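The structure appears right after this line, and notes come after that.
Atoms within a ligand are numbered from 1 in the order they appear, just like the ligands themselves. Being a predicted model, the structure only gives us computed values, none of them experimental.
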Amino acid sequence: MKPNLKVKIGKMELQNPVMVASGTFGYAEEFKDFVDLKKLGVIVTKTITLKPRQGNPPPRTCETPAGMLNSIGLENPGMEKFIQEKLPFLKKTGVPIIVSIASESDTDEFITLARRLDAIKEVSAIELNISCPNIHEGRRARDEGRLVSQNPQATYEVVKAVRNVTRKTLITKLSPNVTDITEIALAAERAGTDAVALINTLMGMSINVKTRKPKIAMVTAGLSGPAIRPVAMRMVWEVYQKVKIPIIGMGGIMDTESALEFFLAGASAISVGTANFINPKTTIDIIAGLKKYLEKHKISGIKALVGSLII
Ligand SMILES: Cc1cc2nc3c(=O)[nH]c(=O)nc-3n(C[C@H](O)[C@H](O)[C@H](O)COP(=O)(O)O)c2cc1C
């Protein structure tokens with residue numbers, strides 16, 4: 001018997017539960033020579049905003065023990081250029097496309113973005129990035145800035161407003177930079193999100209002791225990679241016990257074994273981020289590895305694994 005890797009997230013029927021994490025796979029075209037894109041469960045785009053953004057000043061990335069810091073600052077061409085220049089290639093892949101969106105200002109920008117994408121047939125789902133730690137300009141704003149996903153009421157309001165203007169599958173991406181992520185996940189669920197994606201990056205910092213300067217121009221930045229995996233896993237497990245909607249788990253997934261851990265903790269699908277920079281074929285290897293694992297253990301399908309942690 002062939003193991004069944006199919007999963008359903010909102011209205012999306014996916015051939016397998018392996019995705020690429022927003023911002024780590026560009027708009028897919030960048031990876032076309034390295035990865036057989038048709039094999040992916042889903043492609044998630046780099047986050048787009050209404051207007052083009054140049055992103056933050058360099059240096060914007062640095063390596064850290066078992067991970068990396070990034071402060072890209074949502075560099076993107078803006079929605080209209082994305083639709084004209086990036087979407088045609090994405091459509092050709094034949095794989096479901098999730099467009100990640102963020103607002104530089106208020107909820108209205110989310111509504112405008114969602115309305116526009118709602119009208120495009122080939123967009124399968126919208127991911128609300130309410131958790132990017134890198135979009136506050138200047139120290140003052142950064143110190144005072146709060147992410148939407150750090151506040152349950154603000155999360156509820158944004159998700160509800162977008163839910164009202166789109167029937168497409170809606171995914172809400174959550175930040176780990178909170179005391180209790182389950183409160184935020186529950187608020188998103190109450191507001192009508194079809195799934196939650198977690199985690200975005202953890203706030204971090206690194207200093208060059210020779211120059212006494214921060215290694216990242218914006219001083220603080222988002223930590224990703226294997227270093228954050230145990231935190232991400234704990235959060236997926238906590239959220240799984242509280243919500244009924246599917247969870248897309250991510251944070252330091254490097255191989256089949258780390259992907260499997262997330263399914264056992266309660267994720268219905270997984271996303272690969274930082275690993276794409278080390279081995280662009282990580283997703284493809286994981287898809288093959290999941291099949292092998294299911295066959296070896298005589299498990300009929302991936303769904304049987306979700307949340308099957310034994311305590
Ligand atoms: C260079 C870089 C850029 C990222 N850009 C985005 C982004 O545009 N939107 C978003 O929602 N997450 C973004 N992320 C966060 C990832 O999607 C993911 O949530 C996080 O890195 C954890 O997964 P990982 O440890 O597998 O990388 C970015 C991460 C990295 C490393």
Between the side chains of K86 and E29, is the shortest nitrogen-to-carboxylate-oxygen separation below 4.0 Å, so that they form an ion pair?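 K86 and E29: not salt-bridged.
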For D194, is there an ion pair with R167 - N to carboxylate O distance below 4.0 angstrom?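 No.
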I want to confirm something. Looking only at heavy atoms, which of [options] is nearest to [atom]?
atom	options	answer
atom 19 (O) of ligand 1	I248, I199, I130, V272	I199
atom 28 (C) of ligand 1	A21, S224, S22	S22
atom 15 (C) of ligand 1	N200, L74, T24	N200
atom 9 (N) of ligand 1	L223, V44, T47	T47
atom 25 (O) of ligand 1	G252, P176, G273	G252
atom 10 (C) of ligand 1	M19, R229, K173, E127	K173

I need the minimum non-hydrogen distance between T220 and I216, along with the two atoms involved.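 Reported closest heavy-atom pair: O-CG2, 4.2 Å.
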Residue, atom name and distance, where the atom is the protein heavy atom closest to [atom]:
atom	result
atom 3 (C) of ligand 1	G23 O, 3.4 Å
atom 8 (O) of ligand 1	K46 NZ, 2.9 Å
atom 30 (C) of ligand 1	N70 ND2, 3.2 Å

Which residue, [options], forms the side chain to side chain contact (heavy atoms under 4.5 Å, CB included) with [X]?
X	options	answer
I228	T201, L202, N200	L202
V18	N16, L14, V20	N16
P17	I9, I248, I270, I302	I302

Geometric N/O contact S271 with ligand 1, under 3.5 angstrom: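 No, S271 has no N/O under 3.5 Å of an N/O on ligand 1.
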As an exercise, state the distance from CG of L223 to CE of M203, rounded to the nearest 0.5 Å.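 Spacing of CG (L223) from CE (M203) equals 10.5 Å.
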Just jot down the ligand 1 atoms closer than 4.0 angstrom to any heavy atom of M250, in number order.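 Selected atoms, number and element: 18 (C), 19 (O).
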Within a distance under 4.0 Å of any heavy atom of T201, pick out the atoms of ligand 1 and give their elements.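 By the 4.0 Å cutoff, the relevant atoms are 20 (C), 21 (O).
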Does the residue G251 have a heavy-atom contact with ligand 1, meaning some pair of atoms that are separated by less than 4.0 Å?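 It does; at least one heavy atom falls under 4.0 Å.
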For G225, is the nearest heavy atom under 4.0 Å from an atom of ligand 1?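 Contact check G225 vs ligand 1: positive.
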Can you confirm whether F262 sits close enough to M233 that some side-chain heavy atom of one is under 4.5 Å from a side-chain heavy atom of the other?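 Answer yes - side chains close enough.
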Any side-chain heavy atom of L290 sitting closer than 4.5 Å to one from F263?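 A side-chain contact exists here, since the closest heavy-atom pair is under 4.5 Å.
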Could you walk me through whether K242 and E189 pass the salt bridge (charged side-chain N to carboxylate O under 4.0 Å, His left out) check? CA-CA 10 Å; K242 292 278 174 76; E189 182 180 50; over 6 Å; no
Between T274 and ligand 1, which residue portion shows a heavy-atom distance shorter than 4.0 Å: side chain, backbone, both, or neither?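 Both backbone and side chain.
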